[in-house]
J.: 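The following block contains the structure, expressed as structure tokens.
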Amino acid sequence: MKLTCVSCPLEYDADANRTRCDCGDLLDVALNSTNSVNSEVFDRRMNSWSTPDSSGVWRYRELLPEFDQQHIVSKPEGNTNLYDAPQIAAWAGVDQLWLKHEGENPTGSFKDRGMTVATSHAMRTGATMVACASTGNTSASVASYAAAAGVPSVVFVPDGKISAAKLGQTVAYGARIIQVRGDFDAAMTLVQQASQELGIYLLNSINPYRLEGQKTILFELLHQLQWRCPDWVILPGGNLGNSSAIGKGLAELKSSGMLTKIPRMAVIQAAGASPFYEAYRSSFRGFEPMEARTVATAIQIGNPVSYTKARRAIELTDGVVEAVSDEEILDAKARVDQTGIGCEPASAATVAGLHKLVRTGVISPGDRVAGILTGHLMKDAESVMEYHLGTGSERRPLAKQPVVIDPTLEALRSVLTHEF
Ligand code: F0G
């Protein structure tokens, strides 16, 4: 196992405490390719109650970095549901849609899959403090895994730009919180400097070990489909760690012989935070960071650190990048919520994006589609209240306002007759 640069031939020791190559580009974890991969072994581990087999990450350990059991910090994560979503499929215009709900991880987002691997690596390298910049989910996950590992954590969040639930969750797990006057991108720059200058272990997805864990969203999804590949995998794009991880996972599964074909990937950005979409539209001829603004605060990111790797993933999978408006995101979220599945706004970009890609003919009605929901509904109650109870001039199409009545049967009867 070693670290290799994505764009030049330089290589580093697997435990070199660095997230970038000397050339400035990103690093990959290059695994030992001698492990044989066997779906029956994965099936067998599903019956175990003990870690690491019971973890939906470490179950796939032949496809992950190898660590001693003593260093593994697992809650255990993963094991998230894959929902058949026929109502949303019908609305979007496809015959088959599955939604993999990564909000069902221990801290309510997919970040836990990356965090178990990266925190375990931090333990292996003897880290005494861990840090991240975050729009809220990474910080909650870092705080929780650091608490489990018994190391202090410090998180940098853009002041006033993350949901109350995520901030509260992060405080509750015991992290030191630094609220940065600026946006996520400013917090990200600061944490990278802090990690380099102060020797703090960095747990953002620029850390290639994070992406190793996040590959398992794909592994578990395919396992749940009995390794029959969907035609499309759709997911939201913010800092672009997940898109990068899924691309790497697909490449590795293909070379292990587990897959004969690979799905196409569709990465969906919020229109107000869409530098990757703009780069894709210019056939990746250039990349321009932007000032990001969207209601989907989790993906309010204008300068995604994993751009090079995500681009590689799009090229590998013959993928596409799409952008959707805040209104499309919020209406798609209400639709996911009203099927009883529920998700946070950023996750609903997946569903809004699917709808748009079917309308534009990129995805065909007969395609089998798997969408990733990245975070739990309860991560952002403000957006739910704003959608359903908001005082905005225009009522959203799926809004359902509670009614207030006197405690009498007549009042109830009147409401049930006239308002429902
Ligand atoms: N969905 C949710 C719910 C997220 O929290 C994030 C990222 C994304 C999608 C985008 O994923 O960055 O891999 O492209 N949240 C980070 C955070 C940035 O700090 O919690 P990505």
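Because only heavy atoms are used, hydrogens play no part in the values below, and waters and symmetry mates are left out as well, while side chains stay in. Read the numbers this way: they start at 1 and go in the same order the structure lists the ligands and their atoms. Computed from a predicted model, the values in this text were never measured in an experiment.
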J.: Can you report which non-hydrogen protein atom sits closest to atom 11 (O) of ligand 1, along with the distance?
T.: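 Looking only at protein heavy atoms, the one closest to atom 11 (O) of ligand 1 is Phe110 CZ, 3.5 Å.
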J.: At a 4.0 Å threshold, what atoms of ligand 1 neighbour a non-hydrogen atom of Lys111?
T.: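 Those atoms are 5 (O), 6 (C), 7 (C), 15 (N), 16 (C), 17 (C), 18 (C), 20 (O).
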J.: Between Gln214 and ligand 1, is there a nitrogen or oxygen pair with a distance under 3.5 Å?
T.: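 No; every N/O pair is 3.5 Å or more apart.
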J.: Over all heavy atoms of both residues, which pair between Ala118 and Arg210 is shortest? Give the atoms and the distance, please.
T.: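 Looking at all heavy atoms of both residues, the shortest contact is CB-CG, 3.8 Å.
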J.: Which atoms from ligand 1 have a heavy atom of Asn239 less than 4.0 Å away?
T.: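 Counting atoms of ligand 1 from 1, those under 4.0 Å from Asn239 are 12 (O), 14 (O), 21 (P).
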J.: Within the distance-only criterion (no hydrogens, no angle test), does the side chain of Ser325 pair as donor or acceptor with the backbone N or O of Glu328 below 3.5 angstrom?
T.: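 Here the side-chain-to-backbone pair exists.
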J.: Among Ile299, Val305, Thr374, which one has a heavy atom closest to atom 8 (C) of ligand 1?
T.: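 Going through Ile299, Val305, Thr374 one by one, Ile299 has the nearest heavy atom to atom 8 (C) of ligand 1.
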J.: Does any donor atom in the side chain of Thr374 or Glu102 lie under 3.5 Å from an acceptor atom in the other side chain?
T.: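 Short answer, no.
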J.: Between Pro106 and Tyr145, which heavy-atom pair has the shortest distance, and what is it?
T.: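 Closest pair (atom of Pro106, atom of Tyr145, distance): CG-OH, 4.2 Å.
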J.: Within the structure, does Gly238 bring an N/O atom to less than 3.5 angstrom of an N/O atom in ligand 1?
T.: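 Yes.
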J.: Is the shortest N/O to N/O distance between Leu240 and ligand 1 below 3.5 Å?
T.: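 Such a contact does occur with ligand 1.
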J.: Is the closest heavy atom of Ser205 to ligand 1 under 4.0 Å?
T.: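 False for this residue.
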J.: Quick check on Ile301 - does any of its heavy atoms sit under 4.0 Å from an atom of ligand 1?
T.: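 Ile301: in contact with ligand 1 (<4.0 Å).
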J.: Under a 4.0 Å heavy-atom limit, does Thr138 contact ligand 1 with its side chain, its backbone, both, or neither?
T.: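 Near ligand 1, Thr138 shows its backbone as well as its side chain.
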J.: With only distance considered, is Glu344 within less than 3.5 Å of ligand 1 through an N or O on each side?
T.: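 Glu344 vs ligand 1: no N/O contact under 3.5 Å.
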J.: Taking all non-hydrogen atoms of both residues into account, name the closest pair between Gly247 and Leu316 and its distance.
T.: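 Nearest heavy atoms, Gly247 then Leu316: O-CD2, 3.4 Å.
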J.: Describe, in one word, how the ring planes of His101 and Tyr83 are oriented to each other, choosing from parallel (under 30°), tilted (30 to 60°) and perpendicular (over 60°).
T.: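 Judged by the thresholds at 30° and 60°, the geometry between His101 and Tyr83 is perpendicular.
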J.: One thing to verify: whether Lys333 and Asp337 come together as a salt bridge, which I'm taking to mean a side-chain N less than 4.0 angstrom from a carboxylate O.
T.: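 Lys333 and Asp337: salt-bridged.
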J.: What do you reckon, does Asn242 have a nitrogen or oxygen under 3.5 Å from a nitrogen or oxygen of ligand 1?
T.: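 By distance alone, the answer is yes.
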J.: Applying a heavy-atom cut-off of 4.0 Å, say which part of Ser134 lies close to ligand 1: side chain, backbone, both or neither.
T.: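 Both of them.
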J.: May I ask you to check if ligand 1 and Ser347 share an N or O to N or O distance below 3.5 Å?
T.: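 Checking ligand 1 against Ser347, no N or O pair falls under 3.5 Å apart.
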J.: Using side chain to side chain donor-acceptor pair (under 3.5 Å) as the criterion, point out the one residue from Thr119, Thr125, Asn207 that pairs with Tyr201.
T.: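 Between Tyr201 and the candidates, side chain to side chain donor-acceptor pair (under 3.5 Å) is satisfied uniquely by Asn207.
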J.: Say whether Lys166, considering both its backbone and side-chain N or O atoms, lies within less than 3.5 Å of an N or O atom on ligand 1.
T.: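 N/O-N/O distance below 3.5 Å does not exist for this pair.
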J.: Just going by heavy-atom distances, which of Cys343, Gly237, Ala298 is nearest to atom 4 (C) of ligand 1?
T.: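 Shortest heavy-atom distance from atom 4 (C) of ligand 1: Ala298.
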J.: For residues 275-282, which side-chain N or O atoms pair as donor and acceptor with protein atoms under 3.5 Å away, sequence neighbours left out?
T.:
from	atom 1	to	atom 2	distance (Å)
Ser282	OG	Ala279	O	2.9
Ser282	OG	Arg285	N	3.4

J.: Just jot down the ligand 1 atoms closer than 4.0 angstrom to any heavy atom of Gly241, in number order.
T.: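 By the 4.0 Å cutoff, the relevant atoms are 13 (O), 14 (O), 21 (P).
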J.: Among His376, Gln169, Lys379, Lys111, which one satisfies side chain to side chain donor-acceptor pair (under 3.5 Å) with Asn137?
T.: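 Filter result, single survivor: Lys379.
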J.: Under the rule for side chain to side chain contact (heavy atoms under 4.5 Å, CB included), what residues qualify as partners of Asp28, not counting sequence neighbours?
T.: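 Partners of Asp28 under the side chain to side chain contact (heavy atoms under 4.5 Å, CB included) test: Thr4, Val6, Lys248, Lys309, Arg312.
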J.: Return the closest protein heavy atom for atom 5 (O) of ligand 1 as residue, atom name and distance.
T.: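 Ranking protein heavy atoms by distance from atom 5 (O) of ligand 1, first comes Asn137 ND2, 2.8 Å.
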J.: Which of these, Lys215, His223, Glu220, sits in a side chain to side chain donor-acceptor pair (under 3.5 Å) with Tyr60?
T.: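 Going through the options one by one, the only one that passes is His223.
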J.: Based purely on interatomic distance, does Thr135 place a nitrogen or oxygen under 3.5 Å from a nitrogen or oxygen of ligand 1?
T.: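 By distance alone, the answer is yes.
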